[in-house]
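Take a look at the structure set out below.
Just so it is clear, the structure is predicted and the values come from calculations on it, not from any experiment. Letters A, B, ... mirror the listed sequences (proteins, then strands); counts begin at 1.
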Amino acid sequence: MLTSYITLTLGLAFLGLGIALLRPNTWFREWRYIFRNRKRILIEDALKHLHDHEYRRLPATLQSLAGALAIGDGRAVELVKTLEALGLVRSQDHRLHLTEEGRAYARRVIRIHRLWERYLADQTGLPEQTWHSQAERQEHRMSIQEANRLAARMGNPPYDPHGDPIPTAGGDMPPPRGVPLTDLPEGEFGEIVHLEDEPETVYAQLVALGLYPGMEVQMLKASPERIRIAANGEEFPLAPIVAANVTVEPLSTAARRSETWVKLSHLKPGDTAVVTTISRACRGLQRRRLMDLGLVPGTTVEVEFRSAAGDPTAYRVRGAVIALRKDQADLIYVEKMESVNRKATAQESST
Amino acid sequence: MANKMTFSHKAAVEDIITTANRFRWELGENLHDSVMDAIYQDAAGIARRVVTVSGEKPRFDWERTLDRLLTSRVTGFPIMLLLLAVVFWLTIAGANVPSSMLATLLVDTLHPALKGLAANMGMPWWLDGLLIDGMYLAMAWVVSVMLPPMAIFFPLFTLLEDFGYLPRVAFNLDHLFRKAGAHGKQALSMSMGYGCNAAGVIATRIIDSPRERLIAIITNNFALCNGRWPTQILIASLFIGALVPPALAGIVSAAAVVGVTLLGVALTFGISWVLSRTLLKGEPSTFSLELPPYRPPRILQTLYTSLIDRTIFVLWRAVVFALPSGAVIWLVSNIHVGEASIAQHVIQFLDPFGLIIGLNGVILLAYIIAIPANEIVIPTILMLTVMSLGMHDMGAGTGVLFELSEQSAYMAIFGAAGWTTLTGICLMLFSLIHNPCSTTLFTIYKETGSVKWTAVSALLPVVLGLVVCFLVAQVWRMVG
């Protein structure tokens with residue numbers, strides 16, 4: 001009898017300890033916050049939706065708002081009434097428009113959201129798929145003053161990790177750039193300027209493929225069923241629905257550079273190459289570390305030897321031998337010495 | 001006029017800010033990289049102008065050959081295991097003699113001498129007990145068990161490090177650690193942990209990624225330290241070796257100790273994996289591992305620095321913590337509340353709880369009051385057992401730590417206290433999986449600067465240990 005009591009107490013104690021250790025902010029507190037601030041959260045989400053449509057020059061209507069916020073038409077009407085009463089929105093010909101004040105409010109929320117994503121990307125180790133949902137929480141909680149301080153600490157970053165511009169403290173934003181990848185003609189080159197992070201499953205696919213803002217791509221085949229692009233010496237098949245979430249800036253043929261690039265991880269021991277770029281997917285502490293080691297564009301890298309287990313590989317960089325893991329070497333693009341030399345000779349003979 | 005000036009001034013400033021903002025968008029994120037690029041290019045240019053390189057290195061120099069040998073698929077791991085085995089063997093074999101010499105000097109000779117001196121001075125019994133039987137003896141114990149292995153292990157390790165071999169070990173093992181979300185250099189802090197966990201925690205400084213460093217700190221405790229080897233070996237030979245015919249006893253008990261060590265390795269990987277995906281998933285992470293050129297080791301300098309930096313440093317902290325612990329051990333056994341001493345009350349209170357998890361009240365109390373050093377756990381258990389059983393003819397007196405020379409004598413005491421094979425197994429498990437000693441905890445606090453991570457490092461293993469012992473005891477009782 002006594003034994004079973006003690007066992008029970010022990011079990012409960014372990015359980016409590018486990019919960020306390022693994023779940024510092026409980027679901028309850030989360031739920032309570034959302035419940036108490038549901039009105040404000042709804043207003044801010046509505047402003048974000050209207051701003052998004054305005055920015056992309058799409059019409060925003062009651063229906064599009066109800067769809068984006070997943071609320072019924074009745075509630076959407078109530079919401080628009082509130083927004084109009086607050087002087088944030090006005091409607092005209094069944095279209096919803098942001099007022100000057102509404103736009104400023106929306107950009108404050110967006111500034112916090114994108115700054116937070118930048119912060120998570122650069123200063124924490126959280127996986128990419130979680131940034132957006134964390135920023136969705138944070139945008140309703142952080143004050144704009146806190147956000148400005150955070151921005152100052154991070155050196156006022158202009159873009160979020162997906163390539164979206166972060167509104168300045170004054171609410172400025174550049175006009176949108178680029179065209180959807182699906183609009184890039186076959187054979188043409190473009191630079192990825194933005195990866196849309198919603199919906200999450202599509203974004204996860206883009207991340208898994210290794211696409212990143214700043215990457216040069218060439219459209220190989222653009223049919224309504226399948227899209228094939230080439231980038232950094234590799235080919236990627238994409239479903240059109242996925243490709244539509246990628247925005248590219250078309251490049252003139254003269255500007256393109258990446259045809260002869262390969263991943264550093266593709267080299268074999270004994271190979272020598274010159275670093276051409278480090279992927280934007282390599283960021284924060286990891287990027288700084290590589291730069292500290294002298295791995296910058298133009299650096300000559302020689303592959304020395306592989307570990308006994310096959311994974312980290314040792315490279316000679318600026319006189320030092322440095323081991324990098326495969327997933328890091330995947331993010332570094334190089335041009336093999338032979339092709340660098342070939343280009344140099346070609347240039348010489350042409351002059 | 002003045003007003004107009006200010007106005008146009010303002011407009012000009014606004015204009016400049018707008019232009020600057022536009023440039024910021026256009027330059028985008030590549031600005032930092034471009035600056036970095038330019039700095040490196042300038043530096044490389046200057047270096048080319050002013051540095052003369054005399055004589056290119058031959059393509060097949062001995063360093064390359066050695067690297068190929070030490071990291072090859074065929075020879076890499078066997079060489080590593082061989083070297084580690086040699087280091088451990090030298091430590092164990094080499095530490096035996098000085099350890100027993102120190103014990104003879106500090107415990108068998110100096111302790112009675114001090115007692116005699118105190119008696120001559122007419123010191124009251126309680127003061128002499130507290131100072132000499134309590135504080136001095138605990139300290140003497142820690143020093144004699146701890147000092148010799150550390151004075152051998154650390155210099156050997158530092159020699160390998162100095163030569164440049166240890167980074168190659170990290171290089172070879174990184175693949176394994178990466179799968180657990182850890183850094184290859186954790187192999188080194190872990191090996192250091194086999195000497196002393198506090199030194200292992202300090203050794204994690206070589207890991208420059210915050211997340212992986214915390215993982216290495218929290219899991220270092222699963223490397224059986226110098227203070228726990230004697231417990232493991234003693235209990236294994238008493239309880240596991242006794243299960244088989246005498247001819248096999250040696251091998252089987254050695255296998256049991258190796259098994260516990262391997263369980264520690266498995267826990268290191270398992271807990272690392274869990275930590276990197278739960279508690280620590282938000283910490284930033286990076287990987288880089290420099291493989292420095294080989295250097296002929298500077299033996300004298302190595303001996304000096306490893307003695308000062310590691311051995312003396314760790315020893316000093318251990319002594320500082322052992323002194324109050326000795327006092328507490330003596331006090332709880334000698335202060336009486338009602339009929340029994342404090343220790344007896346606590347043992348009675350803890351006993352039912354201890355029995356559920358396959359241990360007993362004495363062992364739990366010993367782990368609580370011997371938190372400063374694992375070295376004194378077995379002497380404390382012996383003393384407390386003898387005291388709680390009222391075996392006044394055994395031992396050296398209430399609150400005085402002692403050890404025995406004969407296995408049969410140990411068995412007589414443990415048998416009288418009702419120990420079974422289960423108690424032995426659970427004690428071995430709990431000795432592996434419990435909170436780090438206070439020296440290590442203090443070091444963790446110093447290294448992380450965080451109460452939170454110190455608390456996690458203490459609570460995680462002790463909770464895990466209690467759960468494991470509980471499960472083992474339940475299964476054992478169900479089967480047996």
Side-chain angles (χ1 to χ4, degrees), chain A residues 2-3 6-7 10 13-14 17-18 21-22 120 122-127 130 155-159 163 165 168 170 172-174 213-214 277-278 280 284-294 296-299 304-312 314 318 320-325 327-328, chain B residues 17-18 21-22 24-30 32-33 36-37 40-41 44 64 67-68 70-73 75-77 80 167 170-176 178 184 208-211 278-293 352-353 355-356 456 459-460 463 466-467 470:
Chain A
L2 181 70
T3 321
I6 295 175
T7 316
L10 253 183
F14 288 153
L17 202 72
L21 273 179
L22 295 173
L120 293 180
D122 284 356
Q123 322 231 333
T124 73
L126 289 176
T130 62
N156 289 310
Y159 290 99
T168 59
D172 285 335
M173 252 172 113
T277 193
I278 299 175
R280 280 270 140 220
L285 189 61
Q286 197 172 337
R287 192 178 191 85
R288 269 205 306 284
R289 177 79 61 218
L290 290 183
M291 301 235 150
D292 291 348
L293 294 171
V296 291
T299 305
E304 284 275 337
F305 47 88
R306 287 197 205 288
S307 138
D311 185 8
R318 297 184 189 267
V321 180
I322 288 154
L324 295 176
R325 288 176 175 171
D327 49 9
Q328 287 175 299
Chain B
I17 291 177
T18 328
N21 268 340
R22 208 186 58 236
R24 264 165 41 81
W25 302 121
E26 278 167 17
L27 282 170
E29 300 192 273
N30 295 321
H32 287 126
D33 289 9
M36 186 81 87
D37 253 24
Y40 268 109
Q41 267 175 22
R64 255 174 222 255
D67 262 337
R68 300 269 143 84
L70 293 180
T71 61
S72 107
R73 269 167 194 275
T75 50
F77 290 120
M80 185 187 78
F171 181 61
N172 281 339
L173 289 177
D174 182 66
H175 187 62
L176 207 61
R178 189 180 67 91
D208 47 13
S209 169
R211 185 200 296 174
T278 55
L279 273 183
L280 293 173
K281 71 165 185 265
E283 299 290 322
S285 156
T286 175
F287 175 83
S288 69
L289 173 63
E290 199 181 330
L291 301 171
F353 174 68
L355 288 174
I356 291 173
V456 170
L459 291 177
L460 183 94
V463 169
L466 292 175
V467 170
F470 174 76

Does some side-chain heavy atom of B/Ser288 sit less than 4.5 Å from a side-chain heavy atom of A/Asp292?
-> no
Separation between CD of A/Glu304 and CZ of B/Arg64, rounded to the nearest 0.5 Å = 4.0 Å
Residues forming a side chain to side chain contact (heavy atoms under 4.5 Å, CB included) with A/Arg306, sequence neighbours excluded = A/Pro269, A/Thr313
B/Ser72 and A/Ala308 have their tightest heavy-atom pair at O-CB, 3.4 Å
Under a 4.5 Å heavy-atom cut-off, does chain B meet the side chain of A/Asp327, its backbone, both or neither?
-> side chain
Which atoms of B/Glu283 approach chain A - backbone, side chain, both or neither, heavy atom under 4.5 Å | backbone
Chain B contacts, top residue of A/Leu120, A/Leu324, A/Ile278 (heavy-atom pairs, under 4.5 Å) | A/Leu324
A/Val321 and B/Glu290: which non-hydrogen atoms are nearest, and at how many Å?
-> O-CG, 3.5 Å
Out of A/Gly170, A/Gly310, A/Ala309, A/Pro157, which one racks up the most heavy-atom pairs below 4.5 Å with chain B?
-> A/Ala309
Most heavy-atom pairs under 4.5 Å with chain B, out of A/Arg325, A/Met173, A/Met291, belong to A/Arg325
Go through the structure and list residues passing ring-ring contact (aromatic ring centres under 6.0 Å, His included) with B/Tyr40, not counting sequence neighbours.
-> none
Part of A/Gln123 lying under 4.5 Å from any heavy atom of chain B = backbone
side-chain contact (heavy atoms from CB on, under 4.5 Å) evaluation trace for A/Phe305 with B/Leu291 | CA-CA 11 Å; A/Phe305 47 88; B/Leu291 301 171; 4.0 Å; yes
Distance, nearest 0.5 Å, that separates CG of A/Leu290 from CZ of B/Phe287 | 11.0 Å
Could you tell me which portion of B/Ser285 (side chain, backbone, both or neither) has an atom closer than 4.5 angstrom to a non-hydrogen atom of chain A?
-> backbone
How many angstroms lie between atom CZ of B/Arg73 and atom OG of A/Ser307, to the nearest 0.5 angstrom?
-> 8.0 Å
Check each atom of B/Arg211 against the heavy atoms of chain A and say whether the ones under 4.5 Å are side chain, backbone, both or neither.
-> side chain
Is there side-chain contact between A/Pro312 and B/Leu289, with at least one heavy-atom pair below 4.5 Å?
-> no
Would you mind checking which part of A/Arg289 comes under 4.5 Å of any heavy atom in chain B, side chain (CB onward), backbone (N, CA, C, O), both or neither?
-> side chain
